Amino acid sequence: MSPPLASVELARPAAVHAGTAGLMAAAALAAAEAALHADRVDCDAAFPHEAFAVLRQHGLLGAMVPAAHGGAGASLDTIAAICRVLAAGCASAGMIYAMHQIQVACLIEHGGGSPWHEQLLGRIAGEQLLLASATSEEAIGGALRNSGCAVNVDNGRFHLLKMAPTISYGAHADAILATARRHADASPSDQVMVCLLKPDFTLESLSTWDTLGMRGTCSNGFRLEARGACEQILPVAFGEIADGTMTPVSHILWASLWTGIAGDAVQRAKAFFQGQARARPGSLPPSATRVADAVAMVQMMEGRLELALAHQRQRHAGLSVSALFSLAAEMNGLKTSVSALAIEAVQQAMMICGMAGYKHGTPYSLGRHLRDLWSAPLMINNDRILTNTASLLLAERSS
Ligand SMILES: Cc1cc2nc3c(=O)[nH]c(=O)nc-3n(C[C@H](O)[C@H](O)[C@H](O)COP(=O)(O)OP(=O)(O)OC[C@H]3O[C@@H](n4cnc5c(N)ncnc54)[C@H](O)[C@@H]3O)c2cc1C
């Protein structure tokens, strides 16, 4: 059983005290370390331990945790910026950091008033715990608002068994936030979110993670079994967590890291183009308009992200149903549009760099960027999200 969590007092790293500038300086160090190991992480489908050692050293796993619980109280804007910088160095490291912060955001927004979850926030900051997520389920796939498994509650304790097709870095996580039906007779959409702590869960590998890209996320399938105290179940319905925090924060942080990957690819293309121009002074290289186009695509992604961050900041409880539908549709649009545009930008970069981009091991190599980004439209399939958006738009009109 998980003991009531004792908050462990560790010295707070300097970056945590130094505000946004300190956090971004630490993120740049982690990104440089991530970039050094990115090709090996990709080739071996290995967890990016080196980058996470730097992130932990500077307290960045607890960056968003409020200062009252020992964190830096960073805003979503700052966390998005960190995801982007990290992903430019290593997409897998950026994605793992983003997924961890999505779970932290859910705890901050929806665990308030629950002593168990507040103490957990203290541990995330103090011990730099890494949080993973188990929402997907065998036979249900990426339908976030449905669960097949249930928490079976008895005498203040629960038991959960979930067949999860993908738990990114599950084998490296200190805790997993899982969705499940509220009880054995509950409908598939009557869900709760429960926080499972090591060593109270076991993971039995069901499938390996030998994929086209995002190989360092180590997103194996697992049979997840856990027991714990009922106080580990978040005190609000999962629907509220999904709508208010998990979905918009996921879409914002994913869009940010995808912008980071595309931005790095376009930066390589720009450097290639500038090299061509230097070699033949006085004339524009043939790829000139493609460079201008690729840079404009990254600017579009940045603009779309800024808008979403501004609207998420303005989200408050008093929004009308129609406004909430419209905001949900906007966040979905962020995900579907940035995931597609990022791939387009890297393809444009590939056309600019030509063989230097197609080959591995050149300063202009783009294969890893393209492979990593192909996870973007699939990660909660864009077709599924577009169907949801269409329903929201219909409901918005009639509400
Ligand atoms: C890098 C990466 C990391 C991940 N990490 C995690 C993790 O840590 N935890 C976790 O729980 N999950 C994780 N996932 C899984 C993810 O959240 C989704 O569950 C997964 O992308 C859905 O996969 P799917 O395509 O098999 O299933 P589905 O989304 O169910 O889609 C299956 C197919 O059905 C079609 N389809 C389904 N629904 C519709 C619809 N309504 N309209 C039209 N077409 C539809 C789609 O075209 C798709 O090809 C990760 C995925 C990736 C790529």
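Quick note: residue numbers are just sequence positions, from 1. What you are looking at is a predicted structure, and each value in this text was computed from that prediction instead of being measured. Both ligands and their constituent atoms are indexed starting at 1 by order of listing.
- In the candidate list Asp383, Asn220, Thr217, Leu386, Asp383 is nearest to atom 43 (C) of ligand 1, counting heavy atoms.
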When the side chains of residues 83-94 are checked against the rest of the protein, which donor-acceptor pairs come out under 3.5 Å, sequence neighbours left out?
unit_1, atom_1, unit_2, atom_2, d
Arg84, NH1, Glu302, OE2, 3.2
Arg84, NH2, Glu302, OE2, 2.7
Ser92, OG, Gly216, N, 3.0

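- Heavy-atom proximity to atom 47 (O) of ligand 1, evaluated over Asn381, Ile385, Asn388, is greatest for Asn381.
- For Ser136, heavy-atom contacts with ligand 1 shorter than 4.0 Å involve the backbone as well as the side chain.
- By the 4.5 Å heavy-atom criterion applied to side chains, His369 and Arg268 are counted as neighbours.
- At least one side-chain heavy atom of Ile102 sits less than 4.5 Å from a side-chain heavy atom of Met246.
- Residue-to-ligand polar distances place Thr166 within reach of ligand 1: an N/O pair is separated by less than 3.5 Å.
- Using a distance-only test at 3.5 Å, with no hydrogens or angles considered, a donor-acceptor pair links the side chain of Glu118 to the main chain of Gly113.
- Each of the following atoms of ligand 1 lies closer than 4.0 Å to a heavy atom of Gly141: 19 (O), 30 (O).
- Of all atoms in ligand 1, listed by their number and element, those nearer than 4.0 Å to a heavy atom of Thr387 are 40 (C), 41 (N), 42 (N), 43 (C).
- Leu130 is listed as a side-chain neighbour of Phe52, based on a closest heavy-atom distance under 4.5 Å.
- Compare Ser219, Ser133, Ala132, Ser250 by their heavy atoms: the one nearest to atom 9 (N) of ligand 1 is in Ser133.
- Every atom of ligand 1 is numbered from 1 in the order shown, and the set under 4.0 Å from a heavy atom of Gly142 is 18 (C), 19 (O), 22 (C), 27 (O), 28 (P), 29 (O), 30 (O).
- Near Leu378, meaning under 4.0 Å from one of its heavy atoms, ligand 1 places the atoms 21 (O).
- The closest side-chain heavy-atom distance from His183 to Val153 is not below 4.5 Å.
- Contacts of Thr135 with ligand 1, taken as heavy-atom pairs under 4.0 Å, involve both backbone and side chain.
- Pairs passing the salt bridge (Lys or Arg N to Asp or Glu O under 4.0 Å) check and including a residue from residues 32-54, sequence neighbours excluded, read Asp39-Arg368, Arg40-Glu50, Asp42-Arg371.
- A salt bridge links Arg215 with Asp210: the distance from a Lys NZ or Arg NE/NH1/NH2 to an Asp or Glu carboxylate oxygen falls below 4.0 Å.
- Ligand 1 places these atoms under 4.0 Å from at least one heavy atom of Ser168: 3 (C), 4 (C), 5 (N), 6 (C), 7 (C), 8 (O).
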